[in-house]
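Heads up, the thing below is written out as C-alpha cells.
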Amino acid sequence: MLTGRRLRRVVVRNAALRWPVELPASLGGQRLGPIGRRAKYLLLPVESGSLIVHLGMSGHLSVVPADTPPGKHDHVDFELDDGRAVRLTDPRRFGSVHWQAHPVEDHWLLGDLGPEPLSRDFDAAHLAACARRRKVAVKNLLMNAKVVVGVGNIYANEALFLAGIRPRVAAGRLTRSRLGELVAAVKATLASAIQSGGTTLRDFTGADGRPGYFVHELVVYGRGGEPCVRCAATLKEVWLAGRTTVYCPQCQI
DNA sequence: ATAGTCACCTGAGCGC
DNA sequence: TGCGCTCAGGTGACTA
C-alpha cells in the first residue's frame, strides 16, 4: 500500500526518457494520495500536485528496498519514508514522468483526450460524431487518442476483425450501426485482454514479470499470411499509419 | 483542418 | 561466436 506514505526523495538517474524528466525539488516530505489513471497515464497525487507516469511499451514499476542497487534500466526511484522505493524500469525509454500542480487535468498531455474505452462515454453516438465526414482510415481514427484512449495497434487490429470492418475504410463512410458494432468490439476486445492479463510480446512482461496471456487469443495480429480463424481465407498484412495491419479480406468488408 | 509520415529507443531474432 | 540489420510499439511533432 503506497497511499498515505510520504516521499523521502525522488532520484532521477536518467532523465532522458520520452521527454526530459524535470521535477520540482520540493517533493520530499509530501504525502501520497490515492493513485489514479487517465488513458495510459498513471497519476500519483501528492500534496501540491501530481506525478504523471507513462510506462511507454517496455516500462514497469516495482516496489523495492530503497538500497537495492539499480540496474541498467532503472531510471527513476520514488523513495518512500518506510525504506522502500517505487522504481521505474524502462529499457526502451518510451516512458515518461511529468509533474503537474493541481489540478492534474490541466496537464497538456491530458488536455485533449477522448473518453475511456470501457466507459459509457465511448458509444456509437460519440464515434459517429468523430467519424462524420472524415476520410481517415477507420483504424487510424480508432488509434487517435482524441477519439478514444487506450486502443493501440494490437487491439485496433483485433477489434476491427471482430466487427468485420476493413482497417482502411474511410471512417466517414461507415454507418452509425456499424460504428456501434465497432464500439462493442473494442470494449469486448479490451475487456477480454484485461481478463487474460494483457498482451505481452517478445521480451515484454507484465508488472509481475510474467507474460500476459492475451497473446494466445490474438486472431489477426501477428498472423499475416495465415488462415483466418473464421473462414480460413489468407489474412492480409498491410502497412497503415506506420504500423503493421492485418485483416481478413473475406470477413472484413 | 486533415491526413499521412517520422522520430524516439532497445533487445530479439535473423542472416551471414 | 559475433556482427549488423530489421522490426516492434505509443504518441507527439512534423510535413504536405
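Just so it is clear: chains get the letters A, B, ... in the order the sequence lines come, proteins before strands, and each one is counted from 1. Computed over heavy atoms, backbone and side chain alike; hydrogens, waters and symmetry mates excluded.
- Ionic pairing of A:E116 and A:R38 is present here: one or more N-O contacts between side-chain nitrogen and carboxylate oxygen are shorter than 4.0 angstrom.
- Counting to the nearest Å, the C1' atom of B:dT2 and the CZ atom of A:R133 are 13 Å from each other.
- The nearest whole Å value for the distance from the CG atom in A:N14 to the P atom in B:dC9 is 10 Å.
- In this structure, A:R18 places its CZ atom 15 Å from C1' of C:dA8, rounding to the nearest Å.
- Within 6.0 Å of atom NZ in A:K187, more than 12 heavy atoms from other residues, nucleotides or ligands are found, so the atom counts as buried in its surroundings.
- A:V104 belongs to a hydrophobic cluster with A:W19, A:Y41, A:L43, A:I52, A:W108, A:L109, A:L110, A:L113, A:V149, counting contacts under 4.5 Å between side-chain heavy atoms of Ile, Leu, Val, Met, Phe, Trp and Tyr, direct or through other members.
- A:L190 has its CG atom 12 Å from the P atom of C:dG10, to the nearest Å.
- A:E79 pairs in a side-chain hydrogen bond (donor to acceptor under 3.5 Å, both in side chains) with only one of the listed residues (A:R6, A:R87, A:R9), which is A:R9.
- Nearer to the 5' terminus of DNA chain C, by closest-nucleotide assignment, is the contact made by A:E237 (compared with the other of A:A241 and A:E237).
- Of the candidates B:dG4, C:dG12, B:dC9, the closest approach to any side-chain atom of A:L109 belongs to C:dG12.
- A:G152 comes within 4.0 angstrom of sugar-phosphate atoms only, judged by non-hydrogen atoms across all strands, and of no base.
- The side chain of A:T244 places no N or O atom within less than 4.0 Å of a non-bridging phosphate oxygen (OP1 or OP2) of C:dC7.
- As rounded to whole Å, 13 Å separates atom P of B:dC9 from atom CZ of A:R92.
- Across all strands shown, A:R243 has heavy atoms under 4.0 Å from base atoms, whether or not it also approaches the sugar-phosphate.
- In this structure, A:L17 and A:N140 both approach DNA chain B, and ranking their closest nucleotides by distance from the 5' end singles out A:N140.
- Put simply, CH2 on A:W108 is 6 Å from P on C:dG12, counting in whole angstrom units.
- Using a 4.0 Å cut-off between a side-chain N of Lys or Arg and a carboxylate O of Asp or Glu, A:D81 and A:R8 do not qualify as a salt bridge.
- In this view, A:R134 satisfies the salt bridge (Lys or Arg N to Asp or Glu O under 4.0 Å) rule with no residue, not counting sequence neighbours.
- For the contact set between residues 69-77 of chain A and DNA chain C, defined by any heavy atom under 4.0 Å, there are no members.
- If you measure from atom CZ of A:R134 to atom C1' of B:dG4, you get 12 Å, rounded to the nearest angstrom.
- If you measure from atom CG of A:D112 to atom P of C:dG10, you get 20 Å, rounded to the nearest angstrom.
- Salt-bridge check for A:R5 with A:D82: passed, with a basic side-chain N closer than 4.0 Å to an acidic carboxylate O.
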